[in-house]
Amino acid sequence: VLRTVLAAQQGISRAGVAGATALTRSTVSRLVDELVDSGLLAEDEPMVATGRGRPGTPLHAGERPIALGLQINAGYVAIRVLSLRGRVLTERLETGDFVGSDPARTLRRVGRLANRLLREVSGEHVLVGAGLALPGLVSNESNVLLLAPNLGWSDIDLGPFARRLGVTEADLVIGNEADLAARSVATPAPGRPGPLRDFIYLSGEIGIGGAAVLDGRLLTGRHGWAGEIGHVCVDPDGPPCRCGSTGCLEQYAGRRVLLEAAGLPADATPAQLAEAARAGDPAALEAVDQAAWALGVALASVVNVLDIPVIVLGGHLGAMADLLRPLLAEQLQARVLSAHWVPPVVQAPAGDPAPGATGAALHVLETVVDNAAAWVDGGDA
Ligand SMILES: [Zn+2]
């Protein structure tokens, strides 16, 4: 019943739930009452009657369970509080240079900000956990960040960080930022599928993260490390990469590389780069073309391997998608074997500046949906 309500794009009535689940109206009503009492569901005002029968009352996800979504990237930290409805209750994004930052200091700062935000939300909410998105490889068996090359962080046990947030170690989830950003596209609110079910996600930051989603589910690989499209080799004779390889995609399309190639300062914005390219600046145009070519070469290989011909560009790549698209599409058309039958599509969703933080909170809230019975039985206390 909970999943049926959450999956509905608009409010659904008890009768609608009964129709969708093949449960009797009385069973649905009893379960809905329990879910409303526990705060997992909420009821709107009754709808105006439009025909025969009693008017229905639209049901929605409740707002009692909330989760913290955190993201630490090379250029910013973001903290959000999301409710089960997928609504952002409060948020904070602070820019800064976190390349080579001291992990303990940065985590203390994020913890302080998170606690400040939690104090802003009312006491009716229950914090169910926290999710942290990081730009690197994360162990899927423990809360250990193995390596984040662009932060310069490695082997960091984030278990103790949970206490700083007021949650247990078991209620802290850490994940790769591109994986979590992709999750926010696949499932924009807990239990509610987004319009895209199959896509390759690329997150453009200083590095480039990637993820593949099929049937709305992340393809994580055996250890959770799949999707490192930023380190797909575009040219073995290309420039060295922080990962130890050479000619990786992020050495052509990463934010810092792009800005440098365009002759712009390292703190310039993607909008400034796009503006310079649109104004016909030769260095900016050359940098954009180089990035589009490299993206085409790398993504064509990914599409050939996975048969997922929809590309979603996030971060700075999304902000300059219209500039990248012509050459990128041309490369995909030329290099993807199946392009003749299903032409690859490049999309750029409108700018959430920290989709990893959103995805991290959504990931935590999904656990409430998975364990709804325990929550109704008083697991929230
Ligand atoms: Zn690399």
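If you're wondering where the values come from, they're calculated on a predicted model, not measured in any experiment.
- Within the structure, every pair that satisfies the side chain to side chain donor-acceptor pair (under 3.5 Å) test and touches residues 158-173, not counting sequence neighbours, is listed here: T168-D171.
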When the side chains of residues 233-249 are checked against the rest of the protein, which donor-acceptor pairs come out under 3.5 Å, sequence neighbours left out?
unit_1	atom_1	unit_2	atom_2	d
D235	OD1	D237	N	2.9
R242	NE	P149	O	3.2
T246	OG1	P236	O	2.7

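- Side-chain heavy-atom separations under 4.5 angstrom define the hydrophobic clusters, and the remaining members of the one that includes V99 are I206.
- Sorted by first and then second residue, the pairs that involve residues 344-355 and meet salt bridge (Lys or Arg N to Asp or Glu O under 4.0 Å), not counting sequence neighbours, are R80-D352.
- Residues L285 and L323 do not share a hydrophobic cluster, clusters being chains of Ile/Leu/Val/Met/Phe/Trp/Tyr side chains in contact below 4.5 Å.
- Scored by the side chain to side chain donor-acceptor pair (under 3.5 Å) test, T90 finds E120 as partners (sequence neighbours excluded).
- S38 places a side-chain N or O within 3.5 Å of a backbone atom of L35 that can act as its donor or acceptor partner.
- Formation of a donor-acceptor pair under 3.5 Å by the N176 side chain with backbone atoms of G136 is found in this model.
- With sequence neighbours excluded, the residues satisfying side chain to side chain donor-acceptor pair (under 3.5 Å) with Q71 are Y76.
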Result block: side-chain N/O donor-acceptor pairs under 3.5 angstrom for residues 121-134, not counting sequence neighbours:
unit_1	atom_1	unit_2	atom_2	d
S122	OG	E124	N	3.3
H125	ND1	E63	O	2.6

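- Listed by first and then second residue, the salt bridge (Lys or Arg N to Asp or Glu O under 4.0 Å) pairs that reach into residues 4-15 are R14-D33, R14-E43, sequence neighbours excluded.
- Tracing side-chain contacts under 4.5 Å through hydrophobic residues (I, L, V, M, F, W, Y), one never reaches L172 starting from L180; they form parts of separate clusters.
- Cluster annotation: V173 and V110 are assigned to distinct hydrophobic clusters (Ile/Leu/Val/Met/Phe/Trp/Tyr, side-chain heavy-atom contacts under 4.5 Å, transitive).
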Contacts table for residues 291-312: side-chain donor-acceptor under 3.5 angstrom, sequence neighbours left out:
unit_1	atom_1	unit_2	atom_2	d
S301	OG	V297	O	3.4
N304	OD1	L337	N	2.9
N304	ND2	A300	O	3.3
N304	ND2	R335	O	3.0

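- Sorted by first then second residue, the ring-ring contact (aromatic ring centres under 6.0 Å, His included) pairs that include residues 314-360, not counting sequence neighbours, number zero.
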Donor-acceptor pairs under 3.5 Å, side chain of residues 208-225 to any protein atom, not counting sequence neighbours: which ones?
unit_1	atom_1	unit_2	atom_2	d
W225	NE1	V138	O	3.0
W225	NE1	H223	O	3.3

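- Applying the salt bridge (Lys or Arg N to Asp or Glu O under 4.0 Å) rule to pairs touching residues 272-297 yields R278-D322, sequence neighbours excluded.
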